[in-house]
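In what follows, a single structure is set out as C-alpha cells and then discussed.
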Amino acid sequence: MALMCTADGTATLEERIFENRFMHAPELIRMGAQIEVQGGTAKVTGVDKLKGAPVMATDLRASVSMILAGLAAEGETRVSRVYHLDRGYEHVVRKLSGVGAQIERIKGD
C-alpha cells in the first residue's frame, strides 16, 4: 500500500483474511495519501509526494508500511508503536541504514 501511494494511477487492494488489515490507511492519509477503504477493499490513488508526519504502527505489516512511506516522504516521519516490528523483522534499522536510509530507532517516552 505504501508503494501504491506514490505510484501513477489507481490501485485496488482486497483483503479476505485479516479484517483489520487496512487500519494503517488513516496513518498514510495523514501523510497525504489518497486512500478510500470500504470493508475489505482499499482504493489507492497515487500522489506526487507524501509528507512526513507522526504516525502509528497498527500491526506487523503496517509498521513496515509506515517506515517505507516515511522514507519516501518529504520531511521527518516518526513511527510510534514499532514493537510490532520486532516480531517479524530482524535488525530492520541496520539493514535499511545499510542501503542508505536515514533512519534511527529512538527509545519511547
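What you are looking at is a predicted structure, and each value in this text was computed from that prediction instead of being measured.
- Applying the salt bridge (Lys or Arg N to Asp or Glu O under 4.0 Å) test to residues at least two apart or on different chains, the pairs with a partner in residues 25-46 are Glu27-Arg30.
- Closest approach of Ala11 and Met4 over heavy atoms only: CB-SD, 3.6 Å.
- Legend: salt bridge (Lys or Arg N to Asp or Glu O under 4.0 Å) pairs involving residues 8-18, not counting sequence neighbours, sorted by first then second residue: Glu14-Arg16, Glu15-Arg21.
- Listed by chain and number, the residues in a side-chain hydrogen bond (donor to acceptor under 3.5 Å, both in side chains) with Arg94 amount to none (sequence neighbours excluded).
- Pairs passing the salt bridge (Lys or Arg N to Asp or Glu O under 4.0 Å) check and including a residue from residues 63-83, sequence neighbours excluded, read Lys49-Glu74, Glu76-Arg78.
- When all heavy atoms of Gly52 and Ala73 are compared, the pair lying nearest together is N-CB, 3.7 Å.
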Taking only distance into account, with no hydrogens and no angle test, what donor-acceptor pairs under 3.5 Å do side-chain atoms of residues 55-68 form with protein atoms, sequence neighbours excluded?
unit_1: Asp59; atom_1: OD1; unit_2: Arg61; atom_2: N; d: 3.0
unit_1: Asp59; atom_1: OD1; unit_2: Ala62; atom_2: N; d: 2.8
unit_1: Ser63; atom_1: OG; unit_2: Leu60; atom_2: O; d: 2.5

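- By the side chain to side chain contact (heavy atoms under 4.5 Å, CB included) test, Met1 is found to be paired with Leu13, Phe22, His24, Ala25, Leu28, Ile35, Ala42, Val44, residues two or more places apart in sequence or in another chain being considered.
- Among residues two or more places apart in sequence or in another chain, the side chain to side chain contact (heavy atoms under 4.5 Å, CB included) test is passed with Val92 by Leu85, Tyr89, Leu96.
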Can you give me every donor-acceptor pair (side chain of residues 97-106, partner residue at least two apart or in another chain, under 3.5 Å) with its distance?
unit_1: Ser97; atom_1: OG; unit_2: Val93; atom_2: O; d: 2.9
unit_1: Arg105; atom_1: NH1; unit_2: Asp86; atom_2: OD1; d: 2.8
unit_1: Arg105; atom_1: NH2; unit_2: Asp86; atom_2: OD1; d: 3.4
unit_1: Arg105; atom_1: NH2; unit_2: Asp86; atom_2: OD2; d: 2.8

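- Residues that satisfy the side-chain hydrogen bond (donor to acceptor under 3.5 Å, both in side chains) test with Thr41, not counting sequence neighbours, are absent from this structure.
- With sequence neighbours excluded, the residues satisfying side chain to side chain contact (heavy atoms under 4.5 Å, CB included) with Asn20 are Phe18, Met23.
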